[in-house]
There are 2 protein chains.
Amino acid sequence: MSQFPRGSTGPPDGVVVPDLPELPEATVSRLPEYLRALHQIAQAGQDTVSSEALAAAAGVKSAKVRKDLSQLGSYGTRGVGYEVAVLIEQIEQVLGLTQRRNVALIGVGNLGHALAGYGGFGSRGFRIGALVDADPARVGERLGDLVVTHIDELPATVAAEQIAIGVITTPVVAAQAVADRLVAAGVTSILNFAPCVLSVPDGVDVRNVDLAIELQILSFHEHRRGRGDPDGAAAVRRAAPKVVGP
Amino acid sequence: MSQFPRGSTGPPDGVVVPDLPELPEATVSRLPEYLRALHQIAQAGQDTVSSEALAAAAGVKSAKVRKDLSQLGSYGTRGVGYEVAVLIEQIEQVLGLTQRRNVALIGVGNLGHALAGYGGFGSRGFRIGALVDADPARVGERLGDLVVTHIDELPATVAAEQIAIGVITTPVVAAQAVADRLVAAGVTSILNFAPCVLSVPDGVDVRNVDLAIELQILSFHEHRRGRGDPDGAAAVRRAAPKVVGP
DNA sequence: ACGGGTTTGTGAAGCCGTGCACAAATCGCG
DNA sequence: CGCGATTTGTGCACGGCTTCACAAACCCGT
Ligand SMILES: NC(=O)c1ccc[n+]([C@@H]2O[C@H](COP(=O)([O-])OP(=O)(O)OC[C@H]3O[C@@H](n4cnc5c(N)ncnc54)[C@H](O)[C@@H]3O)[C@@H](O)[C@H]2O)c1
Ligand SMILES: NC(=O)c1ccc[n+]([C@@H]2O[C@H](COP(=O)([O-])OP(=O)(O)OC[C@H]3O[C@@H](n4cnc5c(N)ncnc54)[C@H](O)[C@@H]3O)[C@@H](O)[C@H]2O)c1
């Protein structure tokens, strides 16, 4: 509620953004979902949105939306809702998306090609700034307006393109070594597609995406549904968004 | 601890598996990670593993491992640890991976091709049993030993291939319609790569994978580290697996 | 047989997240 | 200007998850 909970030397630019004392991790992981929903709502022409409507669009409960947004300083108006444009700008500020972030893709194979050719990152605040591989046959290949560089040049590439995030799409055997080289080059955020645990120093963040794990979690519920549980297969009632897991 | 907490008509086959009263969702989402770690450990020749070692391999705390495994009926031996082979078989049982599960891939585009060509699912309990698209130009295309079929034939395909899980890799605009058709065809588990919220009836599970959201969460921490927080950038101490988020 | 070392399984405590329920605030309208 | 309708912001209670700490159980060498 307070507009300036802590003294800041001054608003950097654009919207007024109080530096938040501390944001619950659960809230952080939902902010991107709100942002995605808000962009849809904005494109539909709405200029304000209630917590109820935003909750429906994001697939959560409205109380959760209100509590999450209240953590950001709360620019909602009672009886009306939130200004969509303001909310978008504020969430983008908090997530650090006001400046476009450059990511490097390490391992331009099967999956790497798909990601490199994907045009959907631009509107979400990211640009693929480098394609990196170790295979001499791959180095030099051109994809769009990027050329695959060799991993030995990683430090120079990271510096030149101001890489903020490294995405690992190499085989498991190479993943740890690649992570080490990314860290050595100064990268402190890693998105890892290789199905393995990475060891990194303190101060470096890793997020893992393992599709087989997602399938296995689904398999568990499928399995559970099949056995004895009469509730699972029976009920086909309302068409509410029922999402399992995080 | 009890071997048969509830009466079952009889052990189906293989290992003795008590039907578990109820498994915490947080535990379920970690079992696949343990399984992945256990396969690595098994391949390294170890036949028993302590909760400490397994925890290290999976990137969690040992107490968590013990509590999770105790939920499954606890086949560990004090002073020794867990039998790797037994544990693998037991977790696979619980996750419903003793029978290979067939998945259908809907949307054989950029990302769909990458997934279809990925050979890593077989060892994790899954087989891609169908490739489905709506584009007549894509229908009939051959990838490996599969041929892309038309989405109008989805009910027949699901029945013929015993599809248990649908994977949506279509553009956002088509995702909801595809989900509806999957549900109509009898599929009750969906892995959704399209960045949107799906509405499904009760009894159907949806898991979403949105790469941009993962990047945005990383961006938040990166942003936070950059501003004021002197702890983040400073500390580069031990090489412990520090994974942010779920 | 027995004691020392090791590791499991779990009670208990604390923390975090969720959702309810309601007072406070704002708007529109008569 | 006042009133009813609407929606936010939040105190509070509850449940789930995590972590600690330790007794019980087990192996092995002597
Ligand atoms: N393809 C998929 O759909 C898919 C799905 C789930 C997970 N994955 C995981 O993603 C990763 C990549 O899968 P893929 O199918 O693209 O494999 P791939 O073999 O097609 O591509 C791997 C690429 O990494 C490069 N590489 C190898 N070692 C390297 C190193 N040290 N430094 C830089 N580059 C190196 C290779 O030259 C190759 O171009 C794997 O870990 C895989 O398990 C892939
Ligand atoms: N490619 C990536 O790396 C990437 C990354 C993140 C997210 N995604 C998401 O994954 C989805 C697919 O991305 P893509 O790059 O593969 O897109 P794409 O356009 O290359 O492929 C989409 C495919 O879906 C098919 N399709 C369209 N409507 C359909 C329908 N009603 N029924 C069946 N098939 C239909 C199209 O014919 C096409 O083959 C998108 O939602 C995208 O946002 C992709």
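In what follows, every heavy atom counts, from backbone to side chain, and hydrogens, waters and symmetry copies are set aside. Residue numbering restarts at 1 for every chain, and letters A, B, ... go by the order of the sequence lines. None of the values given here were measured: they were computed from a predicted structure.
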Taking C-beta and beyond as the side chain, do [X] and [Y] meet within less than 4.5 Å on heavy atoms?
X	Y	answer
V60(B)	Y34(B)	yes
Q176(B)	S199(B)	yes
V103(B)	I163(B)	no
S51(B)	K64(B)	no

* Asked: Does R66(B) have any salt bridge (charged side-chain N to carboxylate O under 4.0 Å, His left out) partners at least two apart in sequence or in another chain, and if so, which?
  ->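 Listed in chain order: nothing, the list is empty.
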* **Contacts of R100(A) that satisfy salt bridge (charged side-chain N to carboxylate O under 4.0 Å, His left out) - sequence neighbours left out** =>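 Partners of R100(A) under the salt bridge (charged side-chain N to carboxylate O under 4.0 Å, His left out) test: none.
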Dump the pairs, protein N or O against N or O of nucleotides 24-28 of chain C, anything under 3.5 Å, distances to one decimal.
from: dA24(C); atom 1: N3; to: R78(A); atom 2: NH1; distance (Å): 2.9
from: dT26(C); atom 1: O4'; to: R78(A); atom 2: O; distance (Å): 3.4

* Asked: Would a distance-only check, ignoring hydrogens and angles, find a side-chain to backbone donor-acceptor pair under 3.5 Å from R207(B) to S189(B)?
  ->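 Not a single qualifying donor-acceptor pair exists.
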* Can a side chain N or O of Y82(B) be found less than 4.0 Å away from OP1 or OP2 on dG9(C)? ->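 Yes, Y82(B) has a side-chain N/O under 4.0 Å of OP1/OP2 on dG9(C).
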* **Non-neighbouring partners of F121(B) that pass ring-ring contact (aromatic ring centres under 6.0 Å, His included), sequence neighbours left out** =>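 Counting only residues at least two positions away or on another chain, F121(B) forms a ring-ring contact (aromatic ring centres under 6.0 Å, His included) with Y118(B).
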Report the distance from atom [atom1] of [X] to atom [atom2] of [N], rounded to the nearest whole Å.
X	N	atom1	atom2	result
Q71(A)	dT18(C)	CD	C1'	13 Å
L23(A)	dG17(C)	CG	P	10 Å
L69(A)	dT10(D)	CG	C1'	14 Å
D68(B)	dC17(D)	CG	P	10 Å
E25(B)	dC17(D)	CD	P	8 Å
L54(A)	dG9(D)	CG	P	12 Å

* Asked: Any salt bridge between E222(A) and R225(A), counting N to O under 4.0 Å?
  ->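 The answer is yes: the pair qualifies as a salt bridge.
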* Ionic contact status for D205(B) with R224(A), cut-off 4.0 Å ->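 Salt bridge: no.
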* To do: Go through residues 37-53 of chain A and report each residue with a non-hydrogen atom lying under 4.0 Å from DNA chain D, sorted by number.
  =>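 Going residue by residue through residues 37-53 of chain A, the ones with a heavy atom under 4.0 Å of DNA chain D turn out to be S50(A), S51(A).
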* For T48(B) and E83(B), test the side chains for any donor-to-acceptor distance below 3.5 angstrom and give the result as yes or no. =>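 Side-chain D/A pair, T48(B) to E83(B): absent.
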Might you list the N or O atoms of the protein lying below 3.5 Å from N or O atoms in nucleotides 19-22 of chain D, with each pair's distance?
from: dT19(D); atom 1: O4; to: K67(B); atom 2: NZ; distance (Å): 3.1
from: dA21(D); atom 1: N6; to: R66(B); atom 2: NH2; distance (Å): 3.3

